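To start, the structure itself, in structure tokens.
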Amino acid sequence: MKPDSAIELHDVSKSFRIQIRNSDSEKLFLPKAHSVNKVLDDVSLTVKKGTVMGILGRNGSGKSTILKIISRIMEPDSGTVEIGGKLASILELGMGFHPDMSGRENIYIKGEMYGFSRKQIEERIDQIIEYSGIDRYIDNPVKTYSSGMVGRLAFAIMVNVDADVLLVDEILSVGDAAFSAKAAEHFKKMAKSGKTVLFVSHNINFLEQICSRAIWIENGKIVEDGPAKKVCSIYRNRVSESFDIISDLAHSGVADAQYKLAMMYHNGTDVLPDEGLSALWMKRAAEQGNTLAQVRYADMLMQTGSFSDAEDAINFYKSAANAGNEEARMKISSLSRHEGLNQDLEAVKDIFRQLAEREDPLDMYRYADLLLKTAWSDEDRVKAFEWFVKASDAGNADAMHSAAIMLRDGKGVAKDIEKCVYYLEMAAKLGLQRSQVLLGDLYYEGKILEKDDTKAIHWYETAALTGNPRAQYMTAIMYRDGLGTDQNVTKAEEWFTTYVHSSATQHMIWAGDALRYVDLETKYSPTDLYKMASKYHNLYGDLILGNTYHDGIYEVRNDATSQMYYEKSGSLWGTWRTSLARVLMITEGLNNIARIIELYEQSGACGDGEALYRLSLIYNNGLGVPRDELKAKSLALKAARYGNISACRAIVKNLKNIDMPDILKSSNKDE
């Protein structure tokens with residue numbers, strides 16, 4: 001055995017014979033048939049001293065068996081087990097306790113089982129009783145204890161026996177939150193002192209918090225082994241999407257699993273599509289109060305055209321609406337509205353449909369958003385998703401985010417996490433802050449994606465630099481704890497400071513605005529206040545500073561400084577990139593025309609009329625690109641529709657041959 005090893009398993013196997021009933025053989029007094037269940041299959045494992053390791057797996061996977069073999073309660077069929085040091089375990093609640101004897105008496109019994117003399121136990125008994133927290137009941141019979149009290153007492157004895165290796169099987173699941181937190185801290189201290197702890201638990205969150213390493217056992221083999229957070233994340237994601245597990249939970253009456261199973265049958269995920277079974281499980285989930293199921297099942301009932309089904313549907317909508325479901329509230333309200341209002345909504349939809357068909361990114365996004373918010377059926381949601389994708393392809397980051405959310409939730413489209421991440425990353429790279437934060441959350445939590453702290457801090461810090469308070473706090477936490485990056489106390493303190501000031505940055509800008517017009521007693525200038533907001537990553541402050549140095553207002557004109565602040569403000573998705581493009585055109589001209597066009601296109605995709613007008617001038621004059629009058633006219637019309645006055649005038653004066661909207665024709669008469 002290696003000197004730094006606490007536990008070594010080499011090619012350990014364990015099988016159990018399972019009797020198969022056979023009525024004919026029983027009648028004839030013949031030997032009964034048996035099958036062999038191989039619980040552990042040539043498992044090899046080395047656990048170093050000072051490791052706190054969690055063991056994950058479904059029921060029957062071999063988790064408890066491996067602990068029993070390590071503790072010598074059970075012998076393997078083959079292979080060897082070596083333990084480096086004294087071992088203590090709690091593998092079954094109340095094991096080793098006499099129910100008719102008091103808690104105090106059982107401390108002596110259990111202590112002797114761990115190899116302590118009576119004198120040694122007497123030296124520790126007060127400490128054990130105090131740690132257990134059940135001193136008021138310590139002289140009562142153990143049979144009068146709750147399961148939580150039994151667990152507390154067993155745990156208190158075990159942690160006070162100075163064992164080198166501790167084995168724990170689900171014991172902390174019976175304790176309250178305070179005791180579990182106390183136990184977790186104790187295990188961390190034990191690990192630092194060189195003790196080794198092995199846990200079996202179904203509480204994945206608990207294992208993530210206290211374990212440094214985890215293994216996942218499936219079908220008698222170790223399928224994952226590594227850092228606890230990563231293994232727990234992989235296990236949680238795979239198990240939560242497993243058809244077999246979801247089906248088992250659904251049949252057991254778990255409403256969330258019933259809804260998931262219904263969606264699996266609807267989308268054909270890991271199973272052949274079956275609308276009959278989908279409706280059956282959706283109904284069961286709805287009856288148990290799952291709000292998503294209530295809305296979807298109510299939609300199904302509304303489509304039958306039956307009066308009684310419609311009444312049932314309304315009741316489901318009401319139940320979901322009362323629970324806070326916004327879609328249900330919209331549908332309840334829609335059912336109560338006047339027919340004229342319905343016509344109004346349809347008229348607006350028709351206008352946006354026509355606008356979207358002109359293939360402007362913002363119009364396509366707005367049409368998709370309207371369809372989704374007013375959707376009555378999957379058909380409406382599918383149409384909304386299709387338009388979100390079209391708007392995404394045209395460069396609209398908001399549409400990318402919306403498409404990602406629909407893919408994440410399986411709303412109107414089959415759930416697809418890979419595509420969800422694809423759209424989120426596209427939007428995040430364009431500077432959409434909410435996509436950046438969501439990616440940070442997904443990688444940090446590891447509930448949908450495999451946990452990856454390196455990617456989490458990348459996206460959190462990206463969003464933090466654009467002024468998002470939550471991202472700033474999470475960035476500080478990750479630098480403080482060294483998650484996904486080297487531990488950096490200085491950076492952590494800087495981000496904590498930024499987070500504290502984030503709520504006041506807008507007030508810094510307002511104060512700067514006030515100083516422009518009001519004479520107050522202060523040593524600060526407007527620029528000082530804007531720079532203060534900029535220091536804490538308020539990008540609007542950067543935009544104002546860019547304008548200040550570009551226009552030479554209150555400060556000497558400085559194109560380089562102006563460009564620096566515009567670069568910062570332009571890191572956020574939106575219309576602010578127009579200012580950066582304008583300065584680049586002045587300072588770099590055609591040498592950087594590709595980026596200038598890209599910036600104008602991105603601002604134009606948000607509905608920035610000035611960006612679209614300037615883009616039309618580039619194509620109309622062939623500035624660094626082939627001259628394209630048709631494209632120039634199209635862009636000018638879009639700019640005019642978004643309210644750009646220069647575009648309106650240009651159209652009136654120079655584009656007389658195109659089919660102009662009536663508002664532009666009236667403008668022409670005025671000219």
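Computed from a predicted model, the values in this text were never measured in an experiment.
Contact between Ala391 and Pro361 at its shortest, heavy atoms only, is CB-O, 3.7 Å. The two residues Leu539 and Ser569 make their nearest non-hydrogen contact at O-CB, 3.5 Å. Closest approach of Cys606 to Leu362, counting heavy atoms only: O-CD2, 3.5 Å. Looking at every heavy atom in both residues, Ala463 comes nearest to Val437 through CB-CG2, 3.7 Å.
Panel note: side chain Asn290, backbone Tyr259; no donor-acceptor pair is recorded below 3.5 Å. Judged by distance alone, with hydrogens and angles left aside, the side-chain atoms of Asn325 form a donor-acceptor pair with the main-chain N or O of Glu327 at under 3.5 Å. Checking side-chain atoms of Arg329 against main-chain N and O of Ala321 turns up a donor-acceptor pair under 3.5 Å. In this structure, Ser616 contributes its side chain and Lys633 its backbone to no donor-acceptor pair below 3.5 Å. Between the side chain of Ser562 and the main chain of Asn558, no donor-acceptor pair closer than 3.5 Å is present. Between the side chain of Arg557 and the backbone N or O of His550 there is at least one donor-acceptor pair closer than 3.5 Å. Of the possible polar contacts, none joining the Asp393 side chain to the Lys390 backbone as a donor-acceptor pair under 3.5 Å is found. For Ser233 (side chain) and Gly446 (main-chain N/O), a donor-acceptor pair under 3.5 Å exists by modelled atom type.
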Under the criterion side-chain hydrogen bond (donor to acceptor under 3.5 Å, both in side chains), I'd like the reasoning laid out for Asp528 against Ser525: C-alpha separation, chi angles, the key distance, then a yes or no. CA-CA 5 Å; Asp528 292 333; Ser525 69; 3.1 Å; yes
Can Ile593 and Leu590 be said to form a side chain to side chain contact (heavy atoms under 4.5 Å, CB included), step by step? CA-CA 5 Å; Ile593 193 64; Leu590 301 185; 4.1 Å; yes
Going through the checks in order, is the salt bridge (charged side-chain N to carboxylate O under 4.0 Å, His left out) test met by Asp363 and Arg641? CA-CA 11 Å; Asp363 288 334; Arg641 188 162 64 80; 2.3 Å; yes
Using side chain to side chain contact (heavy atoms under 4.5 Å, CB included), reason through Leu438 and Ile405 one step at a time and then give a plain yes or no. CA-CA 10 Å; Leu438 181 54; Ile405 296 300; 3.6 Å; yes
Checking Tyr613 against Asp608 for the side-chain hydrogen bond (donor to acceptor under 3.5 Å, both in side chains) test, could you report, in this order, the C-alpha distance in whole Å, the side-chain angles of both residues, the deciding distance, and whether it holds? CA-CA 9 Å; Tyr613 173 62; Asp608 188 326; over 6 Å; no
Are Ile618 and Leu623 close enough, and set up right, to give a side chain to side chain contact (heavy atoms under 4.5 Å, CB included), and what steps lead you there? CA-CA 5 Å; Ile618 288 173; Leu623 300 176; 4.2 Å; yes
Audit row: Leu355, Asp360, side chain to side chain contact (heavy atoms under 4.5 Å, CB included) steps and yes/no: CA-CA 8 Å; Leu355 289 171; Asp360 180 82; over 6 Å; no
For the pair Thr374 and Lys349, evaluate side-chain hydrogen bond (donor to acceptor under 3.5 Å, both in side chains) and give the outcome as yes or no after the intermediate values. CA-CA 10 Å; Thr374 59; Lys349 280 186 182 179; 3.2 Å; yes
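Side-chain contact check for Leu407 versus Val413: some heavy-atom pair is nearer than 4.5 Å. Contact of the Met330 side chain with the Lys373 side chain is not registered, since no non-hydrogen atoms from C-beta on lie closer than 4.5 Å.
Tyr367 OH to Ile351 CD1: the interatomic distance, rounded to the nearest 0.5 Å, is 12.0 Å. Note that OG of Ser319 and CD of Gln294 are 3.5 Å apart. Values are rounded to the nearest 0.5 Å. Note that the CG atom of Leu635 and the CG atom of Leu615 stand 5.0 Å from one another [nearest 0.5 Å]. Separation of atoms CG (Asn620) and CG (Asp628) is listed at 9.5 Å; rounding is to 0.5 Å. Here Leu292 contributes atom CG and Arg296 contributes atom CZ; the two are 9.0 Å apart, rounded to the nearest 0.5 Å.
Other residues, nucleotides and ligands contribute over 12 non-hydrogen atoms within 6.0 Å of the OH atom of Tyr554. Within a 6.0 Å radius of OH in Tyr499, other residues, nucleotides and ligands contribute 12 heavy atoms or fewer. The neighbour count for Arg627 CZ, taken as heavy atoms of other residues, nucleotides or ligands under 6.0 Å away, is above 12.
Within the structure, the side chain to side chain donor-acceptor pair (under 3.5 Å) test picks out the following pairs touching residues 432-454 (sequence neighbours left out): Asp398-Arg434, His401-Ser435, Gln433-Thr466, Gln433-Asn468, Asp441-Tyr460, Asp441-Arg470, Lys451-Asp453. Counting only residues at least two apart or in different chains, side chain to side chain donor-acceptor pair (under 3.5 Å) contacts with residues 501-513 comprise Thr505-Asn538, Asp513-Tyr530. Sequence neighbours left out, not one pair with a member in residues 568-600 passes ring pair (Phe, Tyr, Trp, His ring centres under 6.0 Å). Annotation: side chain to side chain donor-acceptor pair (under 3.5 Å) contacts involving residues 473-482, sequence neighbours excluded, comprise Glu461-Tyr479, Tyr479-Lys491. Legend: salt bridge (charged side-chain N to carboxylate O under 4.0 Å, His left out) pairs involving residues 535-551, not counting sequence neighbours, sorted by first then second residue: Asp542-Lys568. Among residues at least two apart or in separate chains, there is no side chain to side chain donor-acceptor pair (under 3.5 Å) pair with a member in residues 403-432.
Applying the salt bridge (Lys or Arg N to Asp or Glu O under 4.0 Å) criterion to Glu555, with sequence neighbours excluded, gives no partner residue. The side-chain hydrogen bond (donor to acceptor under 3.5 Å, both in side chains) check on Asn322 picks up nothing, with sequence neighbours excluded. Residues that satisfy the side-chain hydrogen bond (donor to acceptor under 3.5 Å, both in side chains) test with Glu357, not counting sequence neighbours, are Arg353. Residues satisfying the ring-ring contact (aromatic ring centres under 6.0 Å, His included) test with Tyr566, not counting sequence neighbours, are none. In this structure, the side-chain hydrogen bond (donor to acceptor under 3.5 Å, both in side chains) partners of Asn592, at least two apart in sequence or on a different chain, are Glu588. Judged as a side-chain hydrogen bond (donor to acceptor under 3.5 Å, both in side chains), and not counting sequence neighbours, Tyr540 has no contacts.
A salt bridge links Arg381 with Asp378; the closest basic N to acidic carboxylate O contact falls under 4.0 Å. The pair Arg236-Glu208 meets the salt-bridge criterion, since a charged nitrogen lies less than 4.0 angstrom from a carboxylate oxygen. For Glu610 and Arg614, the salt-bridge test passes: some basic side-chain N is under 4.0 Å from an acidic carboxylate O.
Below 30°, between 30° and 60°, or above 60°: for Tyr365 and Phe388 the angle between ring planes is between 30° and 60°, a tilted geometry.
By the 6.0 Å and 45° rule, Lys331 does not stack over the aromatic ring of Tyr317.
Donor-acceptor pairing under 3.5 Å is recorded for the side chains of Gln354 and Asp350.
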